[in-house]
Amino acid sequence: MRNYLTYLLKMDEVKFKSKVGPGDTLYFHLTLEQPIRRGIVVVRGQAYVGQKLATEGVITALITKDK
């Protein structure tokens, strides 16, 4: 998504399962929870380091065009 900016607005139900250190690569798996309305998106996601779950939660974000 070129020419778009994403601003994180809110994080709910966040659980940190394991430590993430410098040099670790996070892989995100996100699923849309609600239809996108006025640029606001709500996703449920998990972040993995390799095959190990590092964190999970619900994220609300605003997506806007870059000027």
Side-chain angles (χ1 to χ4, degrees):
M1 288 186 6
R2 285 190 170 185
N3 302 324
Y4 285 89
L5 297 173
T6 303
Y7 297 99
L8 299 180
L9 301 176
K10 180 170 67 167
M11 294 180 2
D12 291 321
E13 304 173 30
V14 176
K15 296 177 185 169
F16 297 97
K17 304 287 188 172
S18 64
K19 280 190 173 184
V20 178
D24 288 344
T25 302
L26 285 172
Y27 296 96
F28 291 93
H29 181 264
L30 303 170
T31 54
L32 197 60
E33 287 282 298
Q34 300 173 5
I36 300 171
R37 293 187 191 140
R38 296 184 181 164
I40 305 251
V41 61
V42 178
V43 293
R44 177 172 298 276
Q46 298 85 27
Y48 295 90
V49 175
Q51 298 293 321
K52 189 173 181 183
L53 180 64
T55 188
E56 61 184 345
V58 177
I59 299 170
T60 303
L62 173 66
I63 300 172
T64 62
K65 278 198 171 212
D66 191 13
K67 296 179 178 158

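Throughout, numbering of the chain's residues begins at 1 and tracks the sequence.
With contacts defined as side-chain heavy-atom distances shorter than 4.5 Å, the pair Glu56/Glu13 does not qualify. Looking at heavy atoms from C-beta onward, Phe28 lies out of side-chain contact with Gln46 at the 4.5 angstrom threshold. A 4.5 Å side-chain heavy-atom check between Val58 and Val43 finds every atom pair outside the cut-off. Residues Thr64 and Tyr7 are in side-chain contact: their nearest non-hydrogen atoms beyond the backbone lie under 4.5 Å apart. Looking only at side-chain heavy atoms (C-beta outward), Thr31 and His29 come within less than 4.5 Å of each other. Between Thr25 and Val49 the shortest side-chain heavy-atom distance does not fall below 4.5 Å. Counting heavy atoms from C-beta on, the side chains of Thr60 and Val41 never come closer than 4.5 Å. Side-chain atoms of Val20 and Leu26, non-hydrogen and from C-beta on, do get closer than 4.5 Å to each other.
Residues Leu9 and Tyr4 are members of separate hydrophobic clusters, defined by side-chain heavy-atom contacts under 4.5 angstrom among Ile, Leu, Val, Met, Phe, Trp and Tyr. No continuous path of hydrophobic side-chain contacts links Leu32 to Tyr27 [ILVMFWY only; heavy atoms under 4.5 Å]. Ile36 and Ile59 end up in the same hydrophobic cluster when Ile, Leu, Val, Met, Phe, Trp and Tyr side chains are linked at under 4.5 Å.
The line from NZ of Lys65 to CG of Asn3 is 7.5 Å long, rounded to the nearest 0.5 Å.
With Thr55 contributing its side chain and Lys15 its backbone, the two residues share a donor-acceptor pair below 3.5 Å.
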*Could you check Ile63 against Leu5 for side chain to side chain contact (heavy atoms under 4.5 Å, CB included), going step by step and ending with a plain yes or no?*
CA-CA 6 Å; Ile63 300 172; Leu5 297 173; over 6 Å; no

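Of all heavy-atom pairs spanning Ala61 and Leu8, the tightest one is CB-CD2, 4.1 Å.
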